[in-house]
Enquirer: 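First the structure, then my questions, so here it is.
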Number of protein chains: 2
Amino acid sequence: MKTPTKSSYHHGDLQKALLYTARLMLEKDGIASLKLRAITRNAGVSATAATPHFGNLTGLLSALAAQGFDELSEAMSPVYAKEPRDVGLAYVRFAIANPGLFTLMFRSDAVDSDHPALATASAGAFARLAALPASDQPGISPEAAMACLWAKVHGLAVLAIDGLLAALIRHSGTALTIDQLVEEAFR
Amino acid sequence: MKTPTKSSYHHGDLQKALLYTARLMLEKDGIASLKLRAITRNAGVSATAATPHFGNLTGLLSALAAQGFDELSEAMSPVYAKEPRDVGLAYVRFAIANPGLFTLMFRSDAVDSDHPALATASAGAFARLAALPASDQPGISPEAAMACLWAKVHGLAVLAIDGLLAALIRHSGTALTIDQLVEEAFR
DNA sequence: AAGTTATTTTTACAGTGTAAATTTACGTCT
DNA sequence: AGACGTAAATTTACACTGTAAAAATAACTT
């Protein structure tokens, strides 16, 4: 509205506006609120305005998930994170800071994993994990060590988002933090 | 139809029939196929026949998830599974054998965690995890060790269901199995 | 300036969840 | 046994969803 000189068309990059609106809805009201009509309504356009840009709802959600993987890659890539532990911390902190987005990124029935942007974005994030310095313990292949490490971190992220770690901690009476659990997982 | 002497009413336990139908659909076509009208249609009853039994779709899915937690508890409780590693194996194997159900059990936006049956069933399963013999390593509280263990196993289950572990293994050229990864996680 | 293309809206339709009223069948009680 | 109350299931209705197709609008190109 303010600066239609921005990029090009009728709306001034409706693509970005829709992703932005969807992301706000996602973190505010959860994945279940991501209906195509609700997104376009909140963005102030007609119900089918997203079609030329994203094809269908799956396309829009896939683009949003791709954005999430890109941000996750960025969160994991600061130069000071040379140790696996730091990467794990970044992974879990990203998930907890963006619970809706992180959940969407791994919701394979709401997203098309063959979507070009999503495929490259997720491959990029996974490659960053695979590039971690492999722990050279005896009798463990580096791939197995990597997979276990990823599983540990991913499990902590998922359980934390579902509130299950918090429930466990509360129930046990101790004063643990999730960061401490990540530290623990990397011992 | 055949033996209406079964239990009581018009249909002969429509409750069980609906859960059975829903579960078949779940493992055959995924969570996205679990529409209330599709379930009742496949069960041969009218669209609103589930209402007296489950209230709404969330109620039905919650009952199904509760059934899943009960089965998970059973899978983890054989007497020969005294070691944490065996419980972890049972957890991951249950998830891989019932990917749709396991996914539903942790899909908090499709399910009501305050649903009575679901709440008690999930609490039962989690209690079984909490009852594991805590590893008495120095400087680790038993709760932290437990949480890490659960996260490892849950992460392996989730990543395996999404096909991401298989992709990782394939991509690395090694001949790992998921059971080996579980073994590895418990070293 | 005119025409072409891309963007957006309008219109339409099949499918969904669920609330309300109605019909059906069961169990119970005198 | 027969009538009644109650639970189960269907019918009906409505608001909402995703998306295909046609129409309208605005931009860029030549």
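So that the names make sense, note that chain A is the first sequence line, chain B the second, and so on, each numbered from 1.
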Enquirer: Whole-Å distance between dA6(C) C1' and Leu14(A) CG?
Expert: 13 Å
Enquirer: Assert yes or no for the condition that the ring centre distance of Phe69(A) to Phe94(A) is strictly below 6.0 Å.
Expert: no
Enquirer: With the side chain of Ala49(A) defined as its heavy atoms from C-beta on, choose the nearest nucleotide among dA9(D), dG18(D), dT8(C).
Expert: dT8(C)
Enquirer: I want to verify a distance call: between dT18(C), dG18(D), dT10(D), whose nearest atom is closest to the Leu36(B) side chain?
Expert: dT18(C)
Enquirer: Within the pair Asn56(A) and dT19(D), is there a side-chain N or O less than 4.0 Å away from OP1 or OP2?
Expert: yes
Enquirer: Please state how far atom NZ in Lys16(A) lies from atom C1' in dT7(C), giving the value in whole angstrom units.
Expert: 17 Å
Enquirer: Using a distance-only criterion (donor-acceptor N/O pair, under 3.5 Å, no hydrogens), is the base of dT19(D) paired with the side chain of Arg37(A)?
Expert: yes
Enquirer: I want to know whether Phe126(B) and His171(A) have ring centres closer than 6.0 Å.
Expert: no
Enquirer: Tell me: CG of Leu34(A) to P of dT17(D), nearest whole Å?
Expert: 12 Å
Enquirer: Looking at His53(A), does any N or O in its side chain come under 4.0 Å of the phosphate oxygens OP1/OP2 on dT8(C)?
Expert: yes
Enquirer: For Val92(B), give me all partners under side chain to side chain contact (heavy atoms under 4.5 Å, CB included), at least two apart in sequence or on another chain.
Expert: Ile96(B), Val153(B), Leu156(B), Ile178(B), Val182(B)
Enquirer: Which of the following nucleotides, dT7(C), dT10(D), dA20(D), is nearest to the side chain of Thr48(A)?
Expert: dA20(D)
Enquirer: In whole angstrom, what separates Asp112(B)'s CG from dG17(C)'s P?
Expert: 17 Å
Enquirer: Starting from P on dT18(C), measure out to CZ on Phe54(B) and report it in whole angstrom.
Expert: 13 Å
Enquirer: Is the ring centre of Phe54(B) less than 6.0 Å from the ring centre of His115(B)?
Expert: no
Enquirer: Taking only the side-chain heavy atoms of Lys35(B) (C-beta and beyond), determine which of dT17(D), dT16(C), dA9(D) contains the nearest atom.
Expert: dT16(C)
Enquirer: How many Å lie between CG on Asn42(A) and P on dC16(D), as a whole number?
Expert: 14 Å
Enquirer: Is the number of heavy atoms from other residues, nucleotides or ligands within 6.0 Å of CD (Glu74(B)) greater than 12?
Expert: no
Enquirer: Using OP1 and OP2 only, check whether a side-chain N or O of Arg41(A) sits under 4.0 Å from dT17(D).
Expert: yes
